[in-house]
Amino acid sequence: MSDAFDPDYDTGRDVVVPATILESDDGSHGQSDRLLADLNPQQRVAVEYRGPALLIVAGAGSGKTRVLTHRIARLIENNEAWPSEILAITFTNKAASEMRERVEQLLGQSAEGMWISTFHSACVRILRRESEHFGVTSGFTIYDSADSRTVIKRIIKDLRSDTLGFTVSSVAGKISRLKNDLIDVDGYSRQANFDDPREVMFVEIFRRYARVLRESNAFDFDDLIGQTVYLFRAFPLVTARYQRRFRHVLVDEYQDTNHAQYSWIRELTRPVPRDVVEQVGFETVVRGSADDGNGGIIGASLTVVGDSDQSIYAFRGADSRNIGEFERDFPESSVVLLEQNYRSTQNILSAANAVIANNFDRKDKKLWTADGDGEKIVGYTGFSGHDEAQFVADEIAALHKVGMDYRDMAVFYRTNAQTRALEEILIRSAVPYRVLGGTKFYERAEIKDALAYLATVANPHDVLALRRIVNVPKRGIGSATETQLARFAEANEISLREALRNSSALGFGPKITGAIVQLATVLDGASAMLDPDNPAGQSSIAEVLTFLLERSGFIDSLRASKDPQDETRAENVDELVAVTREFAVNNPDGQLVDFLTEVALVAAADELDDSSGTVSLMTLHTAKGLEYEAVFLTGVEEDLLPHRMSAGEPGGPAEERRLFYVGITRARKRLFLSLAMTRAQFGETSVAMPSRYLQEIPTGLIEWRQSPGAATSHGGTRSRALNPPRDRFGHNRRDSSKTDVASSTSEPKTAWTSRITSKARDNGDLELAPGGRIRHLDFGEGRVSRVTGEGAKRIAHVEFDSGAAKKLLIKIAPIEKI
DNA sequence: ATCGTCGATTTTTTT
DNA sequence: AATCGACGAT
């Protein structure tokens, strides 16, 4: 995203009122009717209403994105606003790009100049522009939560605060909550009780944390919002440029905004008083409608869309009261209610309505559809998590058989840990799937290492990044050496980076000194490659990254390693280089910091690739805002949904219910609710109880393939009668006898386990290494050339003696070592 | 400084 | 089950 943005730019061009505006007063001109034609009456009001503030209460699937995009398009098409006067805030990057696309589609032109982005992206953009007002440079690093935790971990260790019961997560959570409430160290200490040693310690931790970030020229996620609010409040003249530019502010998922985000919106939509206008001395005249008639500028028009029933982020500071109190906060506001649902069948909606009705402190709202009841919700109680997973896999296969695309199906779960069983079974059942937001690509250690190299180049002050790579690959720089370097830097008041360069003065052994100086040279060399004054010209990000990876020895150490996983890691790093190239194509003017920003702000749902043709697996949180033809909501059990951890928290069970509600309302045609009677966790198996939320669904809406009661009282025998095995997947038939033999020793005498194991062979963790020989049932003997992938998805690349080269999924391929 | 082993601890959700 | 940290051996 190139930043050719200037807040003063082009808002004032429109001193002449376009003729279309005069015409539009009676709402009857032809051109824009196209934008209203396919809207219901409420949606129309939401699109056409003009006023200082509008709250659109949009039930699930009621077409809120449609309303927002049409509203924006209409503002533009009617010449009520220039594209640059629009600011639309969404929750994820995916939602933002989707909205941009749809607006462009409606307008038939590019939406250039509009800001359609997430809170965090918008804040980064503002902060980088205005960084001169802070003690940071525009090249600041963004610390993700893992980075924050690393910093906190070191502080806790240094201060030995674990003796007072401080843990990384408790401190990280508290700091995050404070920042979301716009409370900084000083603000906190003002009301802290200093008689309490824990309080004193916390203040000290908080203070050090803030200092580390400041010295590292870094912001954490929460700072991005909080510091922007601070900027808005402290520098009215700066803020006025944004307040003047953005005449129409639209916010999606308003129920998930926290206090900092709320304040951000508040500041941005404030009127600009006359004296500020005069001080700034805007060169251009403001659009007539923004003139308050007294030399000032009226506040921007604010449109928020939300549904308090879908508020599922209270745990991290989201305050759905923001939506409840909108009318009080913005006195001249209006409210539009969207209840007609265009997504799901009535059976699904009735279930959702019945469940959410149990939350008492809500405005009553009932979703309805004109599209009929549809099929019943299917319920299934498995005996174990694996049995449940098998049900999911079977139903997916059945749906696929009758023509449903894999990409139209999704499996939801409360916790990421539940993916294990699901993945195992889906692999065995040959169902193509993707896990969204599991261990993300950018969270892998080797990727974070490579990115840390880039971060040290982009931001030489970034101590965390430098410390991360100082001994990666192993250079013989252990903690002792590192501590000495840090002390040296502090004593001489130089940066750690500078200390590295001058390390020969420290009297380390020649080997270590050489390694340190070599690292400093590589980093400086990379910096030079990006120097705009470099006579050789600036290098691309990919070139810099490749330079760093090669000269530092990082990539070689991975390639030379004996650990077979390092080969995969090297491939991941190569993949990262490819990502930088792709970034350069999409962002011709993109600088290194822009790349690092983009990488830091990707969310789980952003990974979604609609064209992938696979079933999507994700947590219920990630699922918000998405929809699928068929949805499998798994693990509907007590202690899981609602989660055990939510029980103690005030409002916890209600929030969990909303989570369940969000899951239900993602489904268009088919909804499957499943649970297991026993679930493995911490490596132990415990008994699970059906979720209380299940009882809240009218019994007539669910057709139980195996009800919780039946599963308990009749053991496994009943399940097969009710749920006869379907035939599919003939490809393993030939070695089925072998599988039976292998599993017969340990197989309990219940029918349900055999349902799973007889399906496909399982080589489990068969160890294969490059160079090894194997025999394949069909292809004969061959040599393994390499092994890629991890866990259940490990793939052997085999060159068969017949000459054929094949890639085989190790877990299920009919192969054996020879 | 690095590697290996043992034991503790973990799992709620994420921009 | 799997990761992480502490500790001891090399």
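Here is how names work: the chains are called A, B, and so on, in the same order as the sequence lines, proteins then strands, and each is numbered from 1.
Legend: residues meeting side chain to side chain donor-acceptor pair (under 3.5 Å) with R414(A), ordered by chain and number and at least two apart, are E656(A).
Atom NZ in K624(A) sits roughly 10 Å away from atom P in dT15(B) (whole-Å rounding). Atom CG of D256(A) is separated from atom P of dT15(B) by 12 Å (rounded to the nearest Å). In this structure, N258(A) atom CG and dT14(B) atom C1' are separated by 12 Å, rounded to whole Å. Across the protein-nucleic acid pair, K94(A) atom NZ and dT15(B) atom P stand 13 Å apart, rounded to whole Å. At whole-Å resolution of the value, CG in N93(A) and C1' in dT14(B) are 13 Å apart. Residue H386(A) contributes atom NE2, which lies 12 Å from atom C1' of dA1(C) at whole-angstrom precision. Remark: C1' of dT15(B) and NZ of K179(A) are 14 Å apart, rounded to the nearest angstrom.
Using a 4.0 Å heavy-atom distance criterion, A680(A) is classed as making no nucleic acid contact.
Taking the six-membered ring where the residue is Trp, H621(A) and F315(A) present perpendicular rings, their angle passing 60° and hence far from 30°.
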Once base and sugar-phosphate atoms are separated, protein heavy atoms under 4.0 Å mark nucleotides 3-13 of chain B, 5' to 3', with B, S and - as S-------BBB

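Taking 4.0 angstrom as the limit, K157(A) places none of its side-chain polar atoms (N or O) nearer than this to OP1 or OP2 of dC4(C). OP1 and OP2 of dC4(C) both lie 4.0 Å or more from every side-chain N or O belonging to K153(A).
A donor-acceptor contact closer than 3.5 angstrom is absent between the side chains of E388(A) and Q390(A). Side chains of D144(A) and Y442(A): a donor-acceptor N/O pair is absent below 3.5 angstrom, by distance only. Defined by atom type and a distance below 3.5 Å, a donor-acceptor pair is missing between the side-chain atoms of T481(A) and Q484(A).
The N471(A) side chain lies nearest to dT2(B) when the options are dT2(B), dC4(C), dT15(B).
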Q: Might you work through the side chain to side chain contact (heavy atoms under 4.5 Å, CB included) test for T619(A) and Y413(A), ending with a clear yes or no?
A: CA-CA 5 Å; T619(A) 66; Y413(A) 37 82; 3.8 Å; yes

Set out, in order, the CA-CA distance, both residues' side-chain angles and the distance that settles salt bridge (Lys or Arg N to Asp or Glu O under 4.0 Å) for K179(A) and D220(A), then state yes or no.
CA-CA 10 Å; K179(A) 288 190 174 185; D220(A) 65 20; 2.8 Å; yes

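Nucleotides dC4(C) and dT13(B), compared at atom P, are 15 Å apart to the nearest Å. A gap of 23 Å separates the C1' atoms of dA6(C) and dT11(B), to the nearest Å.
Where A480(A) and Q261(A) meet DNA chain B, the nucleotide closest to each residue was compared, and A480(A) sits on the side nearer the 5' end. With DNA chain B read from its 5' end, the first of the two nearest nucleotides for S145(A) and G476(A) is the one closest to G476(A).
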